[in-house]
Every structure is written in structure tokens, then in C-alpha cells.
Protein chains: 2
Amino acid sequence: MDQNHLSEEEFLKQYNVGDYERPSVTVDMLFFTIFNKEYEDIRKLPEKELQLLLIKRNGHPYKDSWALPGGFVNIDESIDDAVYRELKEETNVEDVYFEQLYTFGDVDRDPRTRVISSSYLALTNRENINAKAGDDASDVAWFTIKKTDIEMNEEDHKKTYYFNIYSQEKGIDIIYKIIEKTTYDQYVPNKQYEFIPVSEEKIAFDHIKIINYGLDRLKNKIEYTPIAFNFLPEYFTLTELQKVYELILGKELLKANFRRKIKQVVVKTEETTHEVGHRPSSLYTFNKNYQTLF
Amino acid sequence: MDQNHLSEEEFLKQYNVGDYERPSVTVDMLFFTIFNKEYEDIRKLPEKELQLLLIKRNGHPYKDSWALPGGFVNIDESIDDAVYRELKEETNVEDVYFEQLYTFGDVDRDPRTRVISSSYLALTNRENINAKAGDDASDVAWFTIKKTDIEMNEEDHKKTYYFNIYSQEKGIDIIYKIIEKTTYDQYVPNKQYEFIPVSEEKIAFDHIKIINYGLDRLKNKIEYTPIAFNFLPEYFTLTELQKVYELILGKELLKANFRRKIKQVVVKTEETTHEVGHRPSSLYTFNKNYQTLF
DNA sequence: ATAATAGTGTCTGTCAGACAATATCGT
DNA sequence: ACGATATTGTCTGACAGACACTATTAT
């Protein structure tokens, strides 16, 4: 019995949700894949690119800007279910690794109304994906993501780099300049985003911030979890795996050291690559019984 | 102009939020401090305990159970602002480190209505805090948190431990048994919570899950960020700092090694402890110009 | 002297970074 | 033979874990 002499059952029966204003809750998805860019010289291995799925907005606000796919969380589905549903709706894939990133809840994120958005990271290899434009989108495209360091000041705890989001196929090039500063009183770096106008194309809402947040997570997690394997097919070469790591970490690795490191995480198969114009490579699989990663 | 021939300004003017059902959004706060438990023998150093603030629920549901402090996110405030406001309301502190943990959004979290909750970690040292019971609470208390390993099976990727939440002062003892399993197809361990009834007292909602999530984050982050310093006053001894680390990590550390490790992160002052019944210790401060942590 | 804590030196094994050397395929 | 990639061996320095030893205070 509570102070109104109601049992829990009675209380829930008479409970009224109330009609004060509630924010809308949405999910935004960072759907990353790795794209193999083939060379004309078949003896050379394809170059890998980190790509992100963006949709072109059909209506206001941010009309004609590129936004993360996503949508509202329905009243009768969990946040994870909403992500699952949206992934299936927009890309027709079901079996994709995803994880929650961060929930963005600033008041002025969306000029229409108050929107709180949980961002999610989704990773897969490029096969079987057919992204299609939904109601709210006039176009869908995979964008290559690249960061280029401009300046690194160790003493100052300051880091400046270009953030390049482009689609060669569509002829779109979007550039932001990002300045990261770690101040004395907080160890979470402060990030400042500046749009560099090279064309009319832009990233909608605060999505550039979310994209960068996702890249940071990816970079951290690849060091101590096996997320990298989500980007690759079941069988892959060690050079392919290494290139995934190099792409996410943004630096080159030494082959011998990399192989020593991931030895316990992969299993060698009898199969090799064929007709590649050079020494064939053994194919490996992910070792599901790895103890610790690295 | 969009498909209805409206400019962005016109669009926003006529935009209607719509009246479909929206979930409620709340924040739940994990407010951790470290408590110094003094010994009668003044020559012995106080033992440190990790403590968490919980409130006793006044009404249904989970009446008389212990819950995390928190509340609704208002329509005109950011999630962080809501946390800031709640922290001030419930504990009257303003200058506290906090960070977002995870947003829990299962459909059946709260029997009253659909509630999506962002959990936050808040850390401070115990001074100047006066928690008070709010409207929805009949009591507030600091609970000591302890984990005791029962079983660790390396091959099986299985870990079992007791999760003990108690207040000696109030004579309350709450125990859960947690089983963590890492299965082949996912590297995020699956956690199973079992309430061990030693008394009538319980943890409300899914808050035991949130508490455990926060402890995991704390354990991870203490290794590569200076969060530990939030638990200590401005000046502290290295033994105190080490005990904070031991508490969070759940294992003893070797003094010489610990000191070598944190050398660059602290600054030695001229001051020492006084009248402690043994050799006095130098007092140290956090070095704000640390380059990397460990 | 003893209890209790503070503070330092050093041995050892592990591991990451760097680099070198050898192997195998197609043209 | 050459171009391209595959695969393995090993030297070195940094660093974490373990342990031992010395120092200083109050009772």
C-alpha cells in the first residue's frame, strides 16, 4: 500500500501518463563498410576505403543536405529493435553487427521540435547490401571517409585535421576542418567543426559530430575487440585484415609485427587465393575461441 | 523550396509535431564517492569503500525498493542540463565530474509507461555532499558496493560473482549473483542477474544492470583517464591514490610499480601528513599538464 | 624496540617496433 | 629475370610484474 492506500496493481490501473510535452526519440545509424577499389593492373591488390551510408534529405530542414539514416523509435519497440527495423528497411540487411554509441540531446539539434537521438554504429562487409532511398530521402550513397592531419601540437594538446566525405561516383566532395583541444580541466577533448565550402553539398543537423564520434569509437575498439572482422567476408588474407586495421587506425603497420599480434585471433585454412599475378596468400578465418584479443 | 513549395522558414512555421505517442525520457545517475572508514587504532590508515547514492522509493511501482536518483528530461533542457539540475536538486553539488554511460530503452523497463533512460556516471569526493530525500523518495543513503568472485572459468568464458550493496549504518544488505558469459558469436558478455533474498530490500527497475554497467566503465576508464582524481581532494598521498585504484580494479597493486606508473600524472608538494603515528607521507596534486596517462 | 607506513632499487620476462631475409606466383 | 606480394626470423629497447631493501614516525 502506498500513501494513497493503493496496491501496486490498483496504482498501475489508475496511472495516467500525463500530457506534458515529451521530446521525440530517434535513432541515427552510422553504417560503415569497407570498399575494395580495384586497380587496372590486376597484379596489384585492391585499395580499401572506409565508407559510410548517407541519405540526401528530401524536405526541410536541411533540405538537399546529406544525413545519417535513421528514424523514430516507436512506442512499442526497444531502441535496439528500432535500429534493427531501420537497418532492414533502408538496406535490407538483417545480420549486421551494431552497438549503441552515444545519445545526443541538445535542445536545438533539430529546428522542427525537440529530438533526442541515440546514435548507433553498424558494421558489415559490402556484399548483399542494397541501400534504397526511403520516403524522406531523394538519394542514397556510400561516401568514402578520410581524415588528413594538418597540425599536431603535442605541448598545446591541440590537433587539427581535415575531415573529407566524398563520393567519386556522384562527384560529391564535402570537407570539414576539425580542431581538437584538450584543456587542463577536462580530459575529453573539445572539438570544433568548421565547414569548408567546396560545393553546395553539406552534412545535415549535428551529424558531422556523430560521424566523428563513431570514427573515434571504431578506432578505439579495433584495438581490443574483434570488430574489424565484421568488415571482412568469412575467409580473408592477412594482408586484407591488416589493411582494415591501417584504414581505421589511420597509420601504416609493419607486416611482421601485425601478424605476430593477431596470430591467436585467426585460424589458417588450407585454401589460398588464386590467379593473382603474384605469390598466392593463405586464407584465414576468425578464431571464435580466441582468449583475449591482443 | 520543397515538394510543397515551401521555404524552410514557411515549413517550420507550419510544422506540426503530431500527436502520436512518445516515450518519456529520463536520466538515471550513478553517483559514486569513496568513503573513508576510520579505524579505532589511529596508527592504521582508513579503509576506503566505493559508495553509491540510492533513494528509497515512496510510491509504486517498486515501492520501498532502492533506486538510482534521476528524473525526467524537460522539453527545454539538454540531457546534460537535466543531469546537472538533478545533481544539484538531490545532492546540492554543482561542480561534479559526470559523463553519459548508456541509454536503456527496453519496452518493459517501467510498468507505468514507456521510459527511455540515459544513465550517467557522476564522481566526486565525499566532502560538501548532503543528499536529501526528494518528493519521490522516503529515504536516501550511501551504499557500499563490493564484488566477490565465486568462479572464473577461462576456457568457458564464464565468470560468476556476488554483487553486494549494503549500508552498515542502516543495516541494509542486498545481494545479487551475476553470471557473465561470452559466447562465440558475440564478444560483449551476456550478463544474467539473480536476486539473492537475504532481506526484503531490493534494487528497483533494471537499476542493478545500470549499476553494473557503470562499474565496468569505471574499471575500464581508470586505466587510461585521470577519473580517479575526482574521488580525492586536491592534496592526497600516493597510498590513498593507490587504494582508489585497487578498489575500482578489484585487485591489489604493488607499491613500487604503481608509483613508477603514475609518476608523470602527479606533482609532489612540500607538504606532508602530520601526526599519523608512523612515517609521514608527502602530499601530491594532480598534474594538469600530463601528456598521456600511463 | 615495535608497529605501521613511506619510499626506492633492480632483476626478469614479455612484447612492440624496426628491419632483414627468403619464398612464390604470373608475365 | 622482374614485379608484386607472402611469410618468417631476430635484434633492441621499453615496460610491467615481482621482490627486496631502507627510512621515518609515534608509542
If I take atom [atom1] in residue [X] and atom [atom2] in nucleotide [N], what distance separates them, rounded to the nearest angstrom?
X	N	atom1	atom2	result
A:Phe258	D:dT5	CZ	P	17 Å
A:Gln242	D:dT7	CD	P	12 Å
A:Arg279	C:dA21	CZ	P	18 Å
B:Arg259	C:dT5	CZ	P	13 Å
A:Ile262	D:dT8	CD1	P	11 Å
A:Leu241	D:dT5	CG	P	17 Å
B:Lys263	D:dA14	NZ	P	14 Å
A:Lys261	D:dT8	NZ	P	19 Å

Distance-only donor-acceptor test (3.5 Å): side chain B:Arg260, base D:dG17: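 Side chain to base: pair found, below 3.5 Å.
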
Polar pair under 3.5 Å, donor/acceptor by atom type, side chain A:Lys255, base D:dA6: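 A donor-acceptor contact between them is present.
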
Ion pair check, [X] and [Y], cut-off under 4.0 Å:
X	Y	result
A:Arg217	A:Glu99	yes
A:Lys191	A:Asp216	yes
B:Lys48	B:Glu240	yes

Both A:Lys251 and A:Pro280 contact DNA chain C. Taking the nearest nucleotide for each, which residue is further toward the 5' end?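 The residue mapped nearer the 5' terminus is A:Lys251.
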
Position toward the 5' end of DNA chain C (nearest nucleotide), A:Leu254 or A:Glu275: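 So the residue in question is A:Leu254.
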
Only one of B:Phe163, B:Tyr162, B:Tyr193 passes side-chain contact (heavy atoms from CB on, under 4.5 Å) with B:Lys177; say which it is.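 It is B:Tyr162, the one option of B:Phe163, B:Tyr162, B:Tyr193 that forms the side-chain contact (heavy atoms from CB on, under 4.5 Å) with B:Lys177.
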
Minimum-distance nucleotide (side-chain atoms of [X] versus [options]):
X	options	result
A:Ala256	D:dG17, D:dG9, C:dT8	D:dG9
A:His278	D:dT8, D:dA4, C:dG7	D:dA4
A:Asn257	D:dT7, C:dC19, D:dG17	C:dC19

Check whether any side-chain heavy atom of B:Thr160 lies under 4.5 Å from a side-chain heavy atom of B:Glu180, and answer yes or no.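 Contact flag for B:Thr160/B:Glu180 side chains = no.
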
Does a side chain donor of either B:Gln100 or B:Tyr120 reach within less than 3.5 Å of an acceptor in the other side chain?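 Yes, side-chain donor-acceptor contact under 3.5 Å.
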
With a 4.0 Å limit, can you tell me whether B:Ser282 has a side-chain N or O closer than that to the phosphate oxygens OP1/OP2 of C:dA6?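 False: B:Ser282 side-chain N/O out of range (4.0 Å or more) of C:dA6 OP1/OP2.
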
Phosphate contact (D:dT5 OP1 or OP2) by A:Thr239 side-chain N/O below 4.0 Å: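 No, A:Thr239 has no side-chain N/O under 4.0 Å of OP1/OP2 on D:dT5.
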
Over all strands shown, is A:Leu238 touching base, sugar-phosphate only, or nothing at heavy-atom distances under 4.0 angstrom?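 The residue A:Leu238 makes no contact with any strand.
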
Can a donor-acceptor pair be found, under 3.5 Å and without considering hydrogens, that links the side chain of B:Thr269 to the backbone of B:Leu283?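 Side chain of B:Thr269 to backbone of B:Leu283: a pair is present.
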
Classify the angle between the aromatic ring planes of A:Tyr213 and A:Phe104 as parallel (below 30°), tilted (30 to 60°) or perpendicular (above 60°).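 The rings of A:Tyr213 and A:Phe104 stand perpendicular, inter-plane angle above 60°.
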
Can you list, in residue-number order, the parts of residues 33-44 of chain A that come under 4.0 Å of DNA chain C, counting heavy atoms only?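 Going residue by residue through residues 33-44 of chain A, the ones with a heavy atom under 4.0 Å of DNA chain C turn out to be A:Arg43.
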
